[in-house]
Amino acid sequence: MKIASWNINSIKARLPNVLKWIDGAQPDILFMQELKGIAENFPVSEFEERGYSVQIKGQKTYNGVAIASKTPITLISDEILEGDEQARYLEVEIDGIRMINVYCPNGNPVQVDSEKYPYKLRWMRELVDHLRELKVQEIPFLIGGDFNIIPRDVDCHDPKVWEGDALFRQESWDLWRELTNMGLYDAYRMMHPNEDNCYTFWDYQAGAWPQNKGIRIDHFLLTPEIADQLMDVQVDREPRGWEKASDHTPIIIEL
DNA sequence: ATGGTTGTTGGACAA
């Protein structure tokens with residue numbers, strides 16, 4: 001079973017690229033983030049024509065997440081923070097496996113007069129607590145998406161550039177540590193423990209892509225039962241080089 | 001240090 005995650009940065013702008021990639025890569029399941037539109041405007045039929053069911057949590061202009069799956073999707077929950085206006089979370093069951101698609105808050109700018117960073121930490125705190133609860137209930141699960149956390153120095157081209165950034169600071173690392181220390185396995189690092197050419201995001205600006213100045217912020221985390229079934233993990237850099245590319249590229253796990 | 005780009009929108013704001 002191939003499961004992919006891709007921050008597509010607008011389903012409207014990216015539809016041709018997304019369909020092209022799906023037709024080639026043939027994932028069984030695709031997590032999408034940053035739809036940047038309401039559910040009513042999601043091109044459901046384009047996915048159904050290709051044999052996918054779709055679950056959407058949309059919002060005007062910002063955020064938005066969706067899951068496309070070859071086998072039926074059962075919705076468990078579509079928010080992690082109660083009453084959150086931002087569409088960032090989908091928890092479902094597919095093929096008897098609990099799956100969570102997240103678009104975690106970016107958190108920048110980090111400054112006293114901005115609510116962005118406190119919101120990131122609040123959101124992630126709620127996520128960590130919820131995943132702990134799933135562990136207590138002994139529910140095997142996988143969680144994938146744009147975590148907006150650079151786990152370690154090796155996950156970015158130049159740690160100096162990211163110093164102080166919301167994606168690369170102590171509170172974010174502490175939360176990542178909680179995720180891994182509760183027994184969730186970073187799928188990419190299971191298969192590629194020392195790979196430094198591992199990036200999933202390159203900024204549109206300043207030639208980040210041609211100079212390969214990227215960061216690894218799109219992740220899959222697996223409970224041990226799922227991790228035992230992991231066969232392969234790849235980052236597909238090809239779509240980042242296409243015309244009208246998203247600034248992220250897909251990460252694919254194979255169970 | 002700043003700005004560089006893309007997307008939603010039709011001027012900022014987010015990333």
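Numbers restart at 1 for each chain; the letters A, B, ... are given by sequence-line order, proteins then strands.
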Rounded distance in Å - [atom1] ([X]) to [atom2] ([N]):
X        : N      : atom1 : atom2 : value
A/Ile8   : B/dA15 : CD1   : C1'   : 15 Å
A/Asn41  : B/dT8  : CG    : C1'   : 12 Å
A/Glu34  : B/dG7  : CD    : P     : 11 Å
A/Lys12  : B/dG7  : NZ    : P     : 11 Å
A/Phe42  : B/dT8  : CZ    : P     : 14 Å
A/Gln211 : B/dT5  : CD    : C1'   : 14 Å
A/Gln59  : B/dA14 : CD    : C1'   : 12 Å
A/Tyr204 : B/dT8  : OH    : P     : 10 Å

Inset, instruction - Mind checking A/Arg88 for me? I need base, sugar-phosphate or nothing, with any heavy atom below 4.0 Å counting as a touch. - result: sugar-phosphate

Inset, instruction - With heavy atoms under 4.0 Å as the rule, sort A/Tyr103 into base, sugar-phosphate or nothing. - result: sugar-phosphate

Less than 4.0 angstrom from a charged side-chain N to a carboxylate O is my criterion; do [X] and [Y] meet it?
X        : Y        : answer
A/Arg50  : A/Asp23  : yes
A/Arg125 : A/Asp174 : no
A/Arg132 : A/Glu178 : yes
A/Asp28  : A/Lys2   : no

Legend entry - Which residue lies more 5' along DNA chain B, comparing A/Ala206 with A/Phe201 via nearest heavy atoms: A/Ala206

Inset, instruction - Return the 5'-most residue of the pair A/Ala13, A/Gln86 with respect to DNA chain B, ranking by each residue's nearest nucleotide. - result: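 The 5'-side residue here is A/Ala13.
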
Legend entry - Under-4.0 Å side-chain N/O to phosphate OP1/OP2 contact, A/Lys244 with B/dT6: no

Inset, instruction - Ignoring backbone atoms, test whether A/Arg14 places a side-chain nitrogen or oxygen under 4.0 Å from the OP1 or OP2 oxygen of B/dG7. - result: yes

Inset, instruction - Take atom P in B/dA1 and the same atom in B/dA14, then report the distance between them in whole Å. - result: 25 Å

Legend entry - Side chain of A/Gln205 - closest among B/dT6, B/dA14, B/dG4: B/dG4

Legend entry - Polar side-chain atom of A/Thr200 near backbone of A/Thr249 as donor-acceptor pair, under 3.5 Å: no

